[in-house]
Engineer: 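Quick one: this structure, given as structure tokens, is what I'll be asking you about.
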Amino acid sequence: MDFYSKLAAKGSFNKIAALGSIVFCLAAAVTGCGPQKENVTTMTIDPEGKVSYVIYEDFSEDYYDVSELSDMTQKEIAEYNSEYISEKIALEDTQIIDNEDSSLVKLTLTFDSYSDFSNFNQESLFYGTVKEAIESGYTVSTGLVDKDGEKLPDSYLDDHEEKHIIITDDRARIKTPYNIEYMSNGITLNGKKEADISAVTADTVQLLLSK
């Protein structure tokens with residue numbers, strides 16, 4: 001059953017978690033080196049920790065209704081935002097992308113913070129300094145490697161607690177606010193600030209940044 005059918009069966013967007021567990025089959029198509037593929041689910045984190053999440057998924061069946069999908073998403077977002085004084089999540093755009101033999105739906109959501117993304121999607125996401133990650137109960141891996149496969153020096157984390165780190169079990173492509181210095185094994189870099197994590201076998205992905 002594809003993602004839209006699951007949503008229809010649930011009768012709601014289920015905090016986008018139903019999407020999150022399905023859409024990353026698209027991201028898995030982006031492996032190895034070479035030209036980047038477009039229309040891949042992507043998470044972008046800015047320096048302040050705000051998150052933009054662009055989701056792509058097949059939308060080819062005749063019974064799919066983009067208005068219904070948008071309405072369901074807006075309903076779940078409104079329910080989440082009702083718990084706060086100010087808006088934490090917004091659906092910025094919903095559109096259909098038609099290809100020769102198929103159609104994709106593109107959803108663009110913004111989150112006021114990484115914690116809003118995590119709470120809403122029921123996915124783990126942390127963005128902050130190494131010190132803050134440890135204080136929050138995360139274990140920062142000592143097995144991270146740089147782009148050449150060189151292992152993180154033994155004393156690096158102790159000496160650089162102010163470095164920023166992203167920790168997540170989400171499997172979207174990630175665009176980071178600062179250069180990626182060290183990362184989990186299996187990650188492919190698409191430039192200095194973009195990571196394809198589709199080949200990572202570990203449950204959690206970690207990206208240690210230049211700031």
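The structure presented is a predicted model; accordingly, all values stated were derived computationally and were not measured.
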Engineer: Kindly write out the residues that satisfy side-chain hydrogen bond (donor to acceptor under 3.5 Å, both in side chains) with Ser115, not counting sequence neighbours, or none if the list is empty.
Structural biologist: Ser113

Engineer: For the residue pair Met43 and Lys175, establish whether any side-chain heavy-atom pair is separated by less than 4.5 Å.
Structural biologist: no

Engineer: Do the side chain of Thr108 and the main chain of Val54 share a donor and acceptor less than 3.5 angstrom apart?
Structural biologist: no

Engineer: Are Val145 and Leu152 connected in a single hydrophobic cluster, I mean Ile/Leu/Val/Met/Phe/Trp/Tyr linked by side-chain heavy atoms less than 4.5 Å apart?
Structural biologist: no

Engineer: Tell me every residue that passes side chain to side chain contact (heavy atoms under 4.5 Å, CB included) with Lys151, counting only those two or more places apart in sequence or in another chain.
Structural biologist: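 Only Asp154 meet the side chain to side chain contact (heavy atoms under 4.5 Å, CB included) criterion with Lys151.
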
Engineer: Do the side chain of Glu76 and the main chain of Thr73 share a donor and acceptor less than 3.5 angstrom apart?
Structural biologist: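 Pair absent, no side-chain N/O of Glu76 close to backbone of Thr73.
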
Engineer: For Ala90, check side chain to side chain contact (heavy atoms under 4.5 Å, CB included) against everything at least two apart and list the hits.
Structural biologist: Glu87, Glu92, Thr110

Engineer: What's the shortest heavy-atom distance between Ala199 and Gly186, and which atoms?
Structural biologist: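 Closest approach of Ala199 to Gly186, heavy atoms only: CB-O, 3.6 Å.
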
Engineer: Mind checking what makes side-chain hydrogen bond (donor to acceptor under 3.5 Å, both in side chains) contact with Asp93, not counting sequence neighbours?
Structural biologist: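 Partners of Asp93 by the side-chain hydrogen bond (donor to acceptor under 3.5 Å, both in side chains) criterion, ordered by chain and then number, come out as Gln95.
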
Engineer: Please list every donor-acceptor pair under 3.5 Å in which a side-chain atom of residues 156-163 meets a protein atom from a residue at least two apart or in another chain.
Structural biologist:
from	atom 1	to	atom 2	distance (Å)
Tyr156	OH	Glu181	OE1	2.6
Asp159	OD2	Ser155	OG	3.3
His160	ND1	Tyr156	O	2.9
Lys163	NZ	Ser210	O	3.1

Engineer: Between Asp116 and Tyr80, does a side-chain hydrogen bond (donor to acceptor under 3.5 Å, both in side chains) hold up when you go through it step by step?
Structural biologist: CA-CA 9 Å; Asp116 290 308; Tyr80 183 91; 2.7 Å; yes

Engineer: Can a donor-acceptor pair be found between the side chains of Asp98 and Ser103 at a distance below 3.5 Å?
Structural biologist: yes

Engineer: When you compare the side chain of Thr168 with that of Thr204, does any pair of heavy atoms fall below 4.5 Å?
Structural biologist: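 Side chain of Thr204 against side chain of Thr168, heavy atoms only: no contact under 4.5 Å found.
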
Engineer: How about Ile165 and Ile167: do any of their side-chain heavy atoms sit closer than 4.5 Å?
Structural biologist: yes

Engineer: Please tell me whether Val140 and Met183 are part of a single hydrophobic cluster in this structure, the criterion being side-chain heavy atoms less than 4.5 Å apart.
Structural biologist: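 Cluster IDs for Val140 and Met183 match.
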
Engineer: Taking only residues two or more places apart in sequence or in another chain, which ones pass side-chain hydrogen bond (donor to acceptor under 3.5 Å, both in side chains) with Ser52?
Structural biologist: none

Engineer: Going by the rule side chain to side chain contact (heavy atoms under 4.5 Å, CB included), which residues pair with Thr94 if we only count those two or more places apart in sequence or in a different chain?
Structural biologist: Val66, Ser70, Leu91, Val105, Leu107

Engineer: Do Leu189 and Val205 share a hydrophobic cluster (ILVMFWY, side-chain heavy atoms under 4.5 Å, transitive)?
Structural biologist: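 Both belong to a single hydrophobic cluster.
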
Engineer: With a 4.5 Å limit on heavy-atom distance, are the side chains of Asp170 and Leu125 in contact?
Structural biologist: no

Engineer: Treating Ser118 as the side-chain partner and Glu123 as the backbone partner, does any N or O pair qualify as donor plus acceptor under 3.5 Å?
Structural biologist: yes

Engineer: Going by salt bridge (Lys or Arg N to Asp or Glu O under 4.0 Å), name the pairs with one or both residues in residues 202-211, residues two or more places apart or in two chains.
Structural biologist: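 Listed by first then second residue: nothing to list.
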
Engineer: Counting only N and O atoms by type, is there a donor-acceptor contact under 3.5 Å from the side chain of Asn179 to the main-chain atoms of Lys193?
Structural biologist: no

Engineer: Lys50: what forms a salt bridge (Lys or Arg N to Asp or Glu O under 4.0 Å) with it, not counting sequence neighbours?
Structural biologist: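 For Lys50, the residues satisfying salt bridge (Lys or Arg N to Asp or Glu O under 4.0 Å) (neighbours in sequence not counted) are Asp112.
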
Engineer: Please name all residues satisfying side chain to side chain contact (heavy atoms under 4.5 Å, CB included) with Asp146, sequence neighbours left out, ordered by chain then number.
Structural biologist: Asp148, Glu150, Tyr182

Engineer: For the residue pair His164 and Tyr127, categorise the inter-ring angle as parallel (less than 30°), tilted (30 to 60°) or perpendicular (more than 60°).
Structural biologist: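 Tilted.
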
Engineer: Please check this pair: side chain of Asn81 against backbone of Ile89, looking for a donor-acceptor N/O pair closer than 3.5 Å.
Structural biologist: yes

Engineer: What residues, two or more places apart in sequence or in another chain, satisfy ring pair (Phe, Tyr, Trp, His ring centres under 6.0 Å) together with Phe126?
Structural biologist: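 Phe126 satisfies ring pair (Phe, Tyr, Trp, His ring centres under 6.0 Å) with Tyr114, Tyr138 only.
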
